[in-house]
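Please read the structure below before turning to the comments.
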Number of protein chains: 2
Amino acid sequence: MATIEDVARRAGVSQSTVSYALSGKRPISAATRTRIEKAIAELGYRAHAGARALASARTDVIGLMAPLRTGVDVNVIMQFVAGVVTGAGRAGYDVLMLTQDEGSLARVTSSSMVDALVVMDVEDDDARLPALQALRQPSVLIGLPADPHGLSCVDLDFTQAGASAVRRLLAAGHRTVALIGSPREVVDRHTSYAERMTRGFVGACEAGGATHLVLPTPASAAGAVASVDTLLAQLPDVTGVVVHNEVALPHVISRFRERGRDVPGEVSVVAVCPENVATSLPVPVTSIDIPAEGIGQIAVDMLTALMRDPSMAEVRLVSPRLTERGSVRDLG
Amino acid sequence: MATIEDVARRAGVSQSTVSYALSGKRPISAATRTRIEKAIAELGYRAHAGARALASARTDVIGLMAPLRTGVDVNVIMQFVAGVVTGAGRAGYDVLMLTQDEGSLARVTSSSMVDALVVMDVEDDDARLPALQALRQPSVLIGLPADPHGLSCVDLDFTQAGASAVRRLLAAGHRTVALIGSPREVVDRHTSYAERMTRGFVGACEAGGATHLVLPTPASAAGAVASVDTLLAQLPDVTGVVVHNEVALPHVISRFRERGRDVPGEVSVVAVCPENVATSLPVPVTSIDIPAEGIGQIAVDMLTALMRDPSMAEVRLVSPRLTERGSVRDLG
DNA sequence: ATGAAAGCGCTAACAG
DNA sequence: CTGTTAGCGCTTTCAT
């Protein structure tokens with residue numbers, strides 16, 4: 001591998017001139033710049049990342065802690081990851097994947113492997129928050145803990161999403177509604193989005209005087225079937241359902257039909273899921289989009305802002321937008 | 001951040017002694033070792049990754065090129081990624097996520113950001129192969145190109161899987177069968193697993209004298225419905241179906257039922273998908289498991305072997321295993 | 001506008 | 001068993 005010294009020699013300049021030509025941190029005459037660029041091209045030179053990191057105390061790498069575990073919706077996760085990776089690429093960063101364990105956080109930060117962190121799957125009272133806050137490197141959470149500890153956060157406003165879905169059903173005249181939500185294990189570890197979704201749902205139901213039921217549901221066809229059956233047993237006159245469980249969604253709809261309740265004839269459905277899921281079902285479903293890829297990119301933007309100015313911490317909640325696709329029937 | 005020199009001073013030894021104590025590359029007396037460990041603990045010392053990489057020419061980072069694009073099955077992808085990340089963690093490596101573009105490959109290798117590479121979503125005649133082969137860093141492909149170019153490869157033996165699924169149906173007396181396969185765009189770019197699956201399927205059908213049809217199918221409910229309808233139109237007396245499309249699978253089954261063909265009463269199904277997908281459907285499905293996570297880990301094992309001895313290149317095809325779950329009916 | 005040179009923190013030869 | 005020291009390749013002052 002060619003070094004910066006090889007380039008300098010070939011271009012007939014000093015190392016520092018090459019370095020400055022590369023970084024643009026001081027003016028270089030057009031003639032010199034041309035010779036340097038030529039030498040770089042001829043040698044196929046690329047700065048050694050380790051050497052650069054050692055000298056500059058920057059790695060241009062972002063750590064990404066993503067839940068590679070079950071229960072969470074892999075499809076949504078992948079979209080977040082894709083957003084972070086492409087956003088990072090655009091900003092000149094690479095992405096180091098970290099596992100969920102506490103140890104990897106300390107390891108990559110204290111060995112200076114990463115300049116910053118994106119943390120997903122945040123719990124309401126997340127154990128990692130104090131550690132993150134104490135770090136030299138800035139971090140952005142995808143999710144919203146009960147107490148952000150001064151950390152930057154970004155997420156869809158799930159409270160609003162839950163409320164908005166309910167209000168859509170109420171406006172259509174529905175008075176008995178249910179939430180088919182995240183799997184029990186996700187709820188049990190107080191994952192931020194599940195809590196907020198439930199709060200928004202319940203709050204709007206109570207405000208609107210609607211009879212309601214919340215059903216944590218496994219991310220599987222069998223789980224969806226079981227939840228629908230439970231729902232029909234406990235709330236036989238249910239007419240409106242909010243589904244915040246991408247895997248269950250199609251099976252929820254087909255189970256209602258198997259049980260003789262047409263969608264949207266007898267039961268109206270509002271989903272909270274990525275747009276591509278809502279549109280690729282046999283029947284298009286009215287939904288609130290989870291703009292996962294966009295949020296991933298916003299997370300990176302916030303991170304670069306923080307690296308420029310560490311005082312820029314903020315909480316950003318993306319407002320939900322409901323798209324009509326005809327799966328809600330007006331009882332009016 | 002504490003440096004190795006801080007540790008050395010505090011322990012009353014030289015830098016190199018600390019370094020050797022850490023690497024275990026030469027014997028250290030118990031007493032010294034204890035003092036060093038104490039100093040490390042007290043200072044919370046961690047070696048600077050960049051400095052280490054510069055001095056040792058190793059980063060302990062593996063690059064992972066995964067398809068964050070549509071068409072491929074995100075669920076399966078995530079399982080591969082999870083396998084690579086956990087396998088890497090176990091072997092003492094971190095994982096750098098790379099996007100699919102040609103450029104990122106050259107960038108991370110020539111700047112010495114990674115020691116080795118795992119490449120997913122390999123196409124039959126993949127454009128990246130010559131570049132990979134020319135690299136200083138070893139690489140392992142998940143998938144099997146037409147010509148491996150001397151590179152290491154690992155994958156499920158999809159040819160066998162396709163053949164085995166067909167033979168199961170033939171053994172049960174089925175004579176008219178179809179393959180509901182990967183999306184058109186995946187097939188069109190000659191993705192290795194899709195090609196091999198089709199070959200195995202068609203080969204076994206021809207060998208067994210079965211009437212057959214191959215239907216590339218979008219990874220969506222709507223796509224599944226369309227494929228079933230097409231199938232019933234073109235091959236009305238079909239009795240056996242092989243499904244190699246995880247997203248479509250549940251919708252294929254329910255569409256058959258909607259069209260009056262019970263599964264497995266009228267139509268038998270063999271799926272090729274991860275085990276958790278086959279078992280979490282309303283009706284368990286006889287399937288050939290794609291051991292994605294295991295293959296990801298094997299890829300890392302092969303990589304560490306290659307780093308020890310670059311001449312260890314090999315192609316490993318994991319033999320498919322069919323698990324009965326009752327979705328194939330014996331026609332006697 | 002350019003050069004010389006001092007580190008950045010670690011590893012691994014070389015020397016005992 | 002331990003210490004001394006020469007780099008690894010780059011960035012960035014300090015000079016000019």
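Quick note on labels: first sequence line is chain A, next is B, and so on, each numbered from 1. From a predicted model like this one, the values you see are computed outputs, not experimental measurements.
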[X] [atom1] to [N] [atom2]: how many Å, rounded?
X	N	atom1	atom2	answer
B:Q15	C:dC8	CD	P	11 Å
A:Y20	C:dA5	OH	C1'	12 Å
B:R9	D:dT2	CZ	P	19 Å
A:K25	D:dC10	NZ	P	15 Å
B:I28	C:dT11	CD1	C1'	13 Å
B:L22	C:dA12	CG	C1'	14 Å
B:I4	D:dT4	CD1	C1'	14 Å

### Task
Give the C-alpha distance, both sets of side-chain angles, the deciding distance and a yes or no for side chain to side chain contact (heavy atoms under 4.5 Å, CB included) between B:D94 and A:L98.
CA-CA 7 Å; B:D94 276 295; A:L98 305 178; 4.1 Å; yes

Indicate whether the side chain of [X] and that of [Y] have a donor and an acceptor atom separated by less than 3.5 Å.
X	Y	answer
A:R107	A:S111	no
B:E123	B:H190	no
A:D115	A:T59	yes

### Message
Under 3.5 Å for both pairing distances: what stems, at least three Watson-Crick or G-U pairs long, include DNA chain D?
### Response
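C:1-16 with D:1-16 - these are the stems of 3 or more pairs that involve DNA chain D.
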
### Message
So for B:R26 and D:dG3, does any side-chain atom that can act as donor or acceptor lie under 3.5 Å from a complementary atom in the base?
### Response
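Side chain to base: pair present.
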
### Task
Report yes if a donor N or O on one partner sits less than 3.5 Å from an acceptor N or O on the other, where the partners are the side chain of A:T17 and the base of C:dA1; otherwise report no.
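Counting by modelled atom types and ignoring angles, no donor-acceptor contact under 3.5 Å is found here.
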
### Task
For A:D125, look at atom CG and say whether over 12 heavy atoms of other residues, nucleotides or ligands are found less than 6.0 Å away.
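Open: at most 12 neighbouring heavy atoms sit under 6.0 Å from CG of A:D125.
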
### Query
Going by number, which of residues 29-51 of chain A have a non-hydrogen atom under 4.0 Å from DNA chain C?
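Residues of residues 29-51 of chain A under 4.0 Å from DNA chain C: A:S29, A:T32.
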
### Message
D:dT11, OP1 or OP2 - any side-chain N/O from A:S19 closer than 4.0 Å?
### Response
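Yes, because at least one side-chain N or O of A:S19 sits under 4.0 Å from OP1 or OP2 of D:dT11.
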
### Query
Would you say A:S14 reaches C:dG3's phosphate, i.e. side-chain N/O to OP1/OP2 under 4.0 Å?
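Yes.
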
### Message
Of the listed nucleotides (D:dT13, C:dG9, D:dT12), which one gets closest to any side-chain atom of A:L54?
### Response
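Nucleotide nearest to A:L54's side chain: C:dG9.
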
### Evaluation steps, side chain to side chain contact (heavy atoms under 4.5 Å, CB included), between A:I298 and A:V140
CA-CA 10 Å; A:I298 291 177; A:V140 169; over 6 Å; no

### Message
Go through it in stages, so that I can follow the logic: the residues are B:R189 and B:E185, the test is salt bridge (Lys or Arg N to Asp or Glu O under 4.0 Å), and I'd like the CA-CA distance, side-chain angles, deciding distance and then a yes or no.
### Response
CA-CA 6 Å; B:R189 50 175 194 258; B:E185 70 248 48; 5.6 Å; no

### Task
Under the side chain to side chain contact (heavy atoms under 4.5 Å, CB included) rule, what do B:Y45 and B:D6 come out as? Steps first, then yes or no, please.
CA-CA 9 Å; B:Y45 168 76; B:D6 300 330; over 6 Å; no

### Task
Let me see the working for A:D60 and A:R52 under salt bridge (Lys or Arg N to Asp or Glu O under 4.0 Å), right down to the final yes or no.
CA-CA 10 Å; A:D60 291 349; A:R52 189 208 285 282; 5.0 Å; no

### Query
Between B:S16 and A:R52, which has a closest nucleotide on DNA chain D that is more 5'?
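Between the two, 5'-proximity favours B:S16.
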
### Query
Starting at the 5' end of DNA chain C and moving along, which residue's nearest nucleotide shows up first, B:E5 or A:P27?
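Counting from the 5' end, the first nearest nucleotide belongs to A:P27.
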
